[in-house]
Trainee: 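Just passing along the structure, written as structure tokens.
Below, read A as the first sequence line, B as the second, and so on, with proteins coming before strands; counting in each chain starts at 1.
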Amino acid sequence: VRSFSVPGTESTGADRSRQPALRHLPIEITAFLYCDNARPDFSGIVYHANYLRFMERGRTNHLRLMGAEQHALFAEAQAETPGFAFVVRSMQIDYLKPARMDDVLDVVTWPVAVKGASITLAQEVKRGHDLLVKAEVRVAFISEGRAQPIPKALRTLLKADL
Amino acid sequence: VTKPNLDGEIRAGRHHMEVRVYYEDTDFSGVTYHASYLRFMERGRTNYLRLLGTDHRDLFEETQTESPGFAFVVRSMAIDFFKPAFMDDVLEIITTPAEVKGASIMLVQQCRRGDDLIVQARVRVAFVSGGKAQRIPKALRLAMEAVHLPNETTARL
């Protein structure tokens, strides 16, 4: 089963659920993202570390879209904490089913907890209705190389999606 | 054929292996990209199994006969990223079998830089053969006898 994105939103993912909390990022498995482990049973299965790259793209675009939709609040956060970023502190990942070459996957990202200095995101990698990988990712807020409290503007934005 | 400087070594049931962080392992800010640790840790698991196969050739041959083309696949991981590692760092990847069950194994893996714990992961791998999950043959379970982890290590997991 292949899923397609809404035209014009291919690069950052489309919010097809019409729920602001859910962000969808379509990913196509190409030769770059596929690893043949040279084991006959397993050739064609996506290498486990690659899901982390897909999920990172999901998180990056989730933030990008939030910034585009809520420009004023984002600008306020940017002014308060220049060059801010989120770094991964911990992950819990369950690999439920394998993805294969040529699959189109949907990466879904939404916040589940917003604390003073970190947020927890839930992420799912799906192929149609099949849930392949699910993860919980805790990311910490950093600015100028150090962990910092998340500016109120950004917290408000993230909490709106809980 | 195993090569100690490439494959690491097993000491007291734990596999130790060194990796250097190269430019290709880092992200735009110069720190090691978080997914790179998964590649380092998979090398650790692969070499652990490779060395087990050399040390316990008879047990491995028995396993190979019983379950041709067997392999382990990752079912779940819980990873903590404690500190960043940087370009040119030499990391030690330590792989410890913490729990050996009927069809899966829990490995504890650490990425260390000297005394600094950079990343720690609990990795559950399942045994598969012929494309399906299977019970781990007794011969292989014997070869992997779980190392008893001190409480202080498990408490933090």
Side-chain angles (χ1 to χ4, degrees), chain A residues 27 32-33 35-60 83-100 107 118 120-121 123 125 131-147, chain B residues 24-46 49-50 64 67-86 104 107 109 111 117-134 156-157:
Chain A
I27 295 216
F32 289 110
L33 304 176
C35 174
D36 181 356
N37 277 346
R39 298 174 187 144
D41 292 353
F42 294 98
S43 59
I45 285 183
V46 171
Y47 184 62
H48 71 297
N50 283 334
Y51 294 100
L52 270 71
R53 304 202 287 123
F54 305 159
M55 292 192 290
E56 213 224 358
R57 282 190 227 164
R59 295 194 299 275
T60 303
F84 73 80
F86 286 96
V87 294
V88 179
R89 282 283 186 252
S90 65
M91 304 184 88
Q92 164 71 47
I93 312 159
D94 286 300
Y95 297 92
L96 307 173
K97 290 181 184 179
R100 293 167 197 283
V107 181
S118 74
T120 304
L121 298 162
Q123 296 197 281
V125 181
L131 179 57
L132 307 185
V133 173
K134 62 174 186 175
E136 241 183 48
V137 185
R138 196 166 64 83
V139 296
F141 184 83
I142 57 164
S143 169
E144 289 165 336
R146 284 184 308 151
Chain B
E24 66 188 30
D25 305 314
T26 60
D27 68 13
F28 68 95
S29 68
V31 305
T32 305
Y33 184 59
H34 69 299
S36 297
Y37 295 103
L38 270 72
R39 300 193 289 110
F40 300 158
M41 291 191 288
E42 207 221 25
R43 280 188 231 165
R45 295 194 298 273
T46 302
L49 213 57
R50 191 196 314 283
Q64 196 62 257
S67 326
F70 75 88
F72 287 96
V73 292
V74 178
R75 284 280 187 253
S76 66
M77 304 184 89
I79 314 162
D80 285 302
F81 300 89
F82 293 114
K83 290 182 180 179
F86 303 95
S104 73
L107 298 164
Q109 297 197 279
C111 304
L117 180 57
I118 306 290
V119 170
Q120 178 162 283
R122 278 168 73 83
V123 185
R124 179 167 296 285
V125 295
F127 183 83
V128 293
S129 167
K132 285 188 302 179
Q134 308 271 2
R156 277 190 304 151
L157 297 178

Trainee: Which atoms of A:E136 are under 4.5 Å from chain B, going by heavy atoms: the side chain, the backbone, both sets, or neither?
Mentor: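 Answer is neither: A:E136 stays 4.5 Å or more from chain B.
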Trainee: Checking A:Q123 side chain against A:K134 main chain: does a donor-acceptor pair fall under 3.5 Å?
Mentor: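 No, because the side chain of A:Q123 does not come within donor-acceptor range (under 3.5 Å) of the backbone of A:K134.
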Trainee: Under 3.5 Å, side chain of B:Y37 to main-chain N/O of B:C111, donor-acceptor pair present?
Mentor: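 Checked: no pair found.
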Trainee: Identify which of B:S36, B:S76, B:P84, B:S29 forms the greatest number of heavy-atom pairs closer than 4.5 Å to chain A.
Mentor: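 Between B:S36, B:S76, B:P84, B:S29, the count favours B:S76.
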Trainee: Side chain to side chain donor-acceptor pair (under 3.5 Å) with B:R43: which residues, sequence neighbours excluded?
Mentor: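 Listed in chain order: nothing, the list is empty.
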Trainee: Against chain A, label B:Y33 side chain, backbone, both or neither, depending on which of its atoms sit under 4.5 Å from a heavy atom there.
Mentor: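 Interface part for B:Y33: side chain.
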Trainee: Does anything in residues 24-40 of chain B pair up under salt bridge (charged side-chain N to carboxylate O under 4.0 Å, His left out), and if so which pairs, sequence neighbours excluded?
Mentor: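 Listed once each, the pairs are B:D25-B:R39.
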